[in-house]
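What follows is a set of notes on a single structure, which appears directly below.
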There are 2 protein chains.
Amino acid sequence: MNPVPPNQASDAATAAHAGQSPSFRPLYQQIKALITQSLQSGEWKPGELMPSEVELAGRFKVSQGTVRKAIDELAAENLVVRRQGKGTFVATHAEERAHFRFLRLMPDEGIPHHPDNRFLDVRRMRAPAEVARLLDLKSGDAVVYIKRVQSFDGQPTILEELWLPGQLFKGLTSERLVEYKGPMYGLFESEFGTRMIRATEKIRAVGADAAASEHLQVAPGTPLLCSERVSYTYGDKAVELRRGIYSTLRHHYQNELS
Amino acid sequence: MNPVPPNQASDAATAAHAGQSPSFRPLYQQIKALITQSLQSGEWKPGELMPSEVELAGRFKVSQGTVRKAIDELAAENLVVRRQGKGTFVATHAEERAHFRFLRLMPDEGIPHHPDNRFLDVRRMRAPAEVARLLDLKSGDAVVYIKRVQSFDGQPTILEELWLPGQLFKGLTSERLVEYKGPMYGLFESEFGTRMIRATEKIRAVGADAAASEHLQVAPGTPLLCSERVSYTYGDKAVELRRGIYSTLRHHYQNELS
DNA sequence: GAGTGGTCTAGACCACCCG
DNA sequence: GGGTGGTCTAGACCACTCG
């Protein structure tokens, strides 16, 4: 009945993998990888507006639906944010709502708000073996070490140590940390071009040692949460090790399971 | 140029909401709600094969793409499982891999495996005020109370109390619990038609009290994780309260942040 | 009104599974 | 070979935002 013309759609799809099934990879995943590369290279910076779907479709020579599916996944992974009528934006940690994405400690009563920061130590050092292992460095490589206390409503609640690869955070000084307003991850992405994508966290219960007792103002031996967190950037590269001690007198660690 | 025929697609879409934009609701979300109802009513039971996409599209009088998007979301919420070439299945807790979806306690070394169960108490009681509040019951309503210890490699690690609405779990006895092999949630869904969809968890650090000390074989005051978990079924209805005490000597609570 | 993301459809073809 | 989910396209229209 229909004098069907050659199907351009299937042509593009076929060209996409162009081979046997074992090596098959959907077009939209390849597009997703390309867009991720542009994000990583800084072609579009955090907070910026990205090209529209139709524009990207033209650039990659695929249909809008295909780049749409690619962006859908990026949005699901919190790499980009879609806003109807406005466009697609590169996700950023320099926002209010992003602050509690990696910090799951919530007040038992009242609404969550930002803690106050007090830095106890900021210096460069050589990575201890354990730190090097978790950050995928060589033992003895340069790392930036940070130690700080975070307080909610004047109550010291978090005692935390961080290690960052020295290579990536060259100009990171105590002054820069103190004067920066907002979450540390905002500073990392705007000043050092390193964006935290995801993290894994391991939690234990420990008794307060002398340091924890002093800085969190609790009796020695008080039960505290102990968190070890490794954060990753593009390409699943570990770029931060964080060891935190949380007081759960007036706060709790909150998790959603699904 | 084109003698375009009336667009059936837009007709269906328009008919879908049929009103002003404030009350707009996408067709695929309505389909999703209908499918969810069928899941809830037990039209398709956990583990069973669901009708194919084309069949559902026919039933609901929409395109395959629309039911596809609906099922995509259900799959993302772990309500169904898609298997290419086979079909879409109702998700079930009676599987190996589902066992650690809600239990995030992992061994420091070695691979995760199932704990051994020892029930200390199973009985019906009246809900204390706090339990009633969290389960959205009236204080004094009947609840099933369960207390148990779970051991890994012979090491008692979890001391746990559960409260379940008596209304929903009428025939739940100690014998039935003991003889059932596999995760408790498997028993709940197969015998009582109650499927856990999601849960919220709050975690604190506490010192071992007399009971914890005895059952977990640790010294009194030993720091332990304390978890309070509320699980929900369809319609965000709370159907389980669980309070667990975890020993983190050889295990840790693992979380993925993204 | 123009531009963006969001929805919906129809149709083709592909990868996968099973009898 | 037939059925299922998975990919890709093209095109229409809708909801939202902004100048």
Side-chain angles (χ1 to χ4, degrees), chain A residues 1-32 48-58 60-76 80-89, chain B residues 1-32 48-58 60-76 80-89:
Chain A
M1 193 74 82
N2 282 332
V4 179
N7 187 329
Q8 303 167 9
S10 69
D11 288 346
T14 304
H17 40 97
Q20 301 306 325
S21 38
S23 63
F24 171 70
R25 188 148 173 244
L27 234 196
Y28 77 90
Q29 283 193 17
Q30 304 178 39
I31 304 301
K32 181 185 170 189
E48 281 183 9
L49 177 64
M50 286 171 50
S52 72
E53 295 179 353
V54 292
E55 198 173 331
L56 290 172
F60 298 128
K61 297 277 190 299
V62 298
S63 80
Q64 183 182 356
T66 298
V67 343
R68 183 163 190 76
K69 180 142 187 176
I71 295 181
D72 276 345
E73 291 206 349
L74 292 172
V80 303
V81 176
R82 325 190 70 149
R83 281 183 231 170
Q84 181 172 150
K86 303 182 74 172
T88 304
F89 297 78
Chain B
M1 193 74 80
N2 280 332
V4 179
N7 187 328
Q8 304 167 6
S10 69
D11 287 346
T14 304
H17 40 97
Q20 302 304 326
S21 38
S23 62
F24 171 69
R25 189 150 173 242
L27 233 196
Y28 77 90
Q29 282 193 18
Q30 304 177 39
I31 303 301
K32 181 185 170 189
E48 281 183 9
L49 176 64
M50 286 171 51
S52 73
E53 295 179 353
V54 292
E55 198 173 331
L56 290 173
F60 298 129
K61 298 279 191 293
V62 298
S63 80
Q64 182 182 356
T66 298
V67 343
R68 182 162 191 77
K69 181 145 188 175
I71 295 181
D72 276 345
E73 291 206 349
L74 293 172
V80 303
V81 176
R82 325 189 70 148
R83 280 184 232 170
Q84 183 173 147
K86 302 182 74 171
T88 303
F89 297 78

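- Residue B:Gln64 holds its CD atom at 8.0 Å from OG of B:Ser52, rounded to the nearest 0.5 Å.
- For the pair A:Leu56 CG and C:dG5 P, the computed distance is 8 Å after rounding to whole Å.
- Closest to the side chain of A:Lys69, from the set C:dT7, C:dG5, D:dT7, is D:dT7.
- The residue among B:Val54 and A:Val62 whose nearest nucleotide of DNA chain D lies closer to the 5′ end is B:Val54.
- If you take CZ of A:Phe89 and P of C:dT4, they are 11 Å apart, rounded to a whole angstrom.
- Atom pair B:Glu55:CD and D:dG3:P shows a separation of 12 Å (rounding to whole Å applied).
- Secondary-structure stems of DNA chain D, taken as three or more successive Watson-Crick or G-U wobble pairs (i with j, i+1 with j-1) under a 3.5 Å distance threshold, comprise C:1-18 with D:1-18.
- Inter-residue side-chain proximity for A:Leu74 and A:Thr88 is flagged as unmet; no heavy-atom pair is nearer than 4.5 Å.
- For the atom pair CD of A:Gln30 and NZ of A:Lys32, the computed distance is 12.5 Å after rounding to the nearest 0.5 Å.
- Remark: B:Leu49 CG to B:Arg83 CZ distance equals 9.5 Å, nearest 0.5 Å.
- Computed from coordinates, the B:Ile71 CD1 to D:dG5 P distance equals 7 Å when rounded to whole Å.
- Scanning all heavy atoms of the two residues, the minimum distance from A:Leu56 to A:Pro51 falls at CD1-O, 3.8 Å.
- Spacing between atom CD of A:Glu73 and atom P of D:dG6 amounts to 12 Å, rounded to whole angstrom units.
- In terms of heavy atoms, A:Val67 sits closest to A:Glu53 at CG2-O, 3.8 Å.
- Within residues 80-88 of chain A, the residues approached by DNA chain D to less than 4.0 Å at the level of any non-hydrogen atom are A:Gln84, A:Gly85, A:Lys86, in residue-number order.
- If you measure from atom OH of A:Tyr28 to atom P of D:dG6, you get 9 Å, rounded to the nearest angstrom.
- Of the side-chain N and O atoms in A:Ser52, one or more sit less than 4.0 angstrom from OP1 or OP2 of C:dT4.
- Straight-line distance from the CD atom of A:Gln64 to the C1' atom of D:dA12: 12 Å, rounded to whole Å.
- In this entry the distance linking CZ of A:Arg68 with P of D:dT7 reads 16 Å, nearest Å.
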